[in-house]
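Here is the structure we will look at, set down as structure tokens.
Sequence positions, counted from 1, serve as the residue numbers for this chain.
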Amino acid sequence: MGTVVFRALVTEAQAVAAGFTEGSNVAYMGDEVRVIFFRIGGGMMSLACSMQTSYMESVGIDPAQLLADSGDHGGSSADWARASKLSGAAAQSALLAATAGWDPSFTAVVAATAPEGWIAHGTFARPSAELTPACFGRGRVVVVGDAAHPIRPTGQGANQALEDAYFLGAAVGADPIGMSGLDAFRRARAERVAPVMLESEVQGAAAYD
């Protein structure tokens with residue numbers, strides 16, 4: 001199971017015209033779909049909708065085909081959830097199709113937003129059980145951050161990336177020429193990050209699954 005995220009910027013005027021209360025922030029929290037819609041200043045609001053692929057499939061939308069149709073496959077991964085995104089009217093149309101019958105105010109504001117302002121993209125999280133020191137690179141090559149340990153969006157991804165940078169600096173400082181510091185860094189980070197990833201999986205399962 002994966003996640004597709006739809007994003008756009010919406011004017012507060014459009015939100016009010018669609019039926020939302022002026023000055024309010026909005027959240028929809030479902031089992032498989034979550035939406036946050038909040039003011040960011042300057043008369044603008046940010047709308048983000050996180051949708052489980054299982055939900056999309058239940059309403060007749062194939063998320064893999066949807067994003068594959070975008071023709072955007074940056075990077076080397078064959079996994080659509082890691083590499084693809086869908087922009088513009090196609091993303092807007094997909095979100096409207098997936099939310100047909102929802103709160104009329106929500107669908108109205110989605111429809112009123114300029115098509116070119118929409119983007120949809122897949123997300124990827126590495127299972128904690130698959131995290132090993134090898135995920136952090138080998139030899140003189142070090143991999144850190146989401147490249148090493150992509151985590152469900154609970155906020156820990158950025159925290160662990162900062163820790164990676166701190167401890168990598170310490171490892172290089174302790175052994176600037178040899179490899180022992182890097183090998184120790186990989187082992188320590190895998191041991192530290194795996195429980196954090198597991199906790200994010202538990203929280204994600206409670207919230208979405």
Side-chain angles (χ1 to χ4, degrees), residues 1-11 14-15 18-20 24-40 44-75 77-128 146 149-158 197 199-209:
M1 179 174 61
T3 305
V4 176
V5 180
F6 297 83
R7 302 177 187 274
L9 293 179
V10 179
T11 68
Q14 288 173 322
F20 291 108
S24 65
N25 298 318
V26 180
Y28 299 83
M29 299 295 172
D31 291 336
E32 295 180 289
V33 184
R34 292 197 171 194
V35 176
I36 54 173
F37 188 31
F38 58 95
R39 294 181 296 148
I40 57 175
M44 299 299 296
M45 302 185 73
S46 175
L47 189 158
C49 174
S50 172
M51 190 173 294
Q52 295 294 305
T53 53
S54 56
Y55 172 83
M56 299 181 73
E57 290 162 355
S58 74
V59 295
I61 299 173
D62 181 350
Q65 186 61 46
L66 173 69
L67 296 183
D69 286 345
S70 70
D72 183 344
H73 297 283
S77 174
D79 186 339
W80 66 268
R82 304 186 198 192
S84 301
K85 67 181 179 181
L86 186 70
S87 301
Q92 182 185 42
S93 296
L95 181 57
L96 285 170
T99 57
W102 280 31
D103 178 356
S105 295
F106 176 79
T107 53
V109 81
V110 171
T113 305
E116 60 270 19
W118 283 98
I119 187 171
H121 59 86
T123 63
F124 174 76
R126 171 171 281 127
S128 59
D146 282 350
H149 45 73
I151 304 176
R152 279 192 175 198
T154 59
Q156 283 299 327
M197 297 174 72
E199 181 61 26
S200 77
E201 292 164 4
V202 172
Q203 292 177 2
Y208 298 112
D209 298 349

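Nearest approach of Arg39 to Ser24, heavy atoms of both residues: CG-O, 4.2 Å. When all heavy atoms of Val4 and Ala120 are compared, the closest pair comes out as CG1-CB, 4.3 Å. Looking at every heavy atom in both residues, Thr3 comes nearest to Gln52 through OG1-NE2, 3.2 Å. In terms of heavy atoms, Ala98 sits closest to Tyr55 at O-OH, 2.8 Å. Across Leu96 and Ala111, no two heavy atoms sit closer than the pair CD2-N, 4.1 Å.
The aromatic ring centres of Phe37 and Phe106 sit 6.0 Å or more apart.
Side-chain atoms of Ser54 and Glu32 form a donor-acceptor pair, as typed in the model, at a separation below 3.5 Å.
The shortest side-chain heavy-atom distance between Val110 and Thr99 does not fall under the 4.5 Å cut-off. Residues Leu9 and Ser46 are in side-chain contact: their nearest non-hydrogen atoms beyond the backbone lie under 4.5 Å apart. Using a 4.5 Å cut-off on side-chain heavy atoms (C-beta onward), Pro63 and Met56 make contact. The closest side-chain heavy-atom distance from Met44 to Thr11 is below 4.5 Å.
For Asp62, the side chain to side chain donor-acceptor pair (under 3.5 Å) criterion is met by no residue, not counting sequence neighbours. Partners of Ser128 by side chain to side chain donor-acceptor pair (under 3.5 Å), not counting sequence neighbours, listed by chain and number: Glu201. Residues forming a side chain to side chain donor-acceptor pair (under 3.5 Å) with Arg7 (at least two apart in sequence, or on another chain): His121.
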Apply the test side chain to side chain contact (heavy atoms under 4.5 Å, CB included) to residues Val5 and Arg34: give CA-CA distance (whole Å), side-chain angles for both, the deciding distance (0.1 Å), then the verdict.
CA-CA 10 Å; Val5 180; Arg34 292 197 171 194; over 6 Å; no

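With Tyr28 contributing its side chain and Cys49 its backbone, the two residues share no donor-acceptor pair below 3.5 Å.
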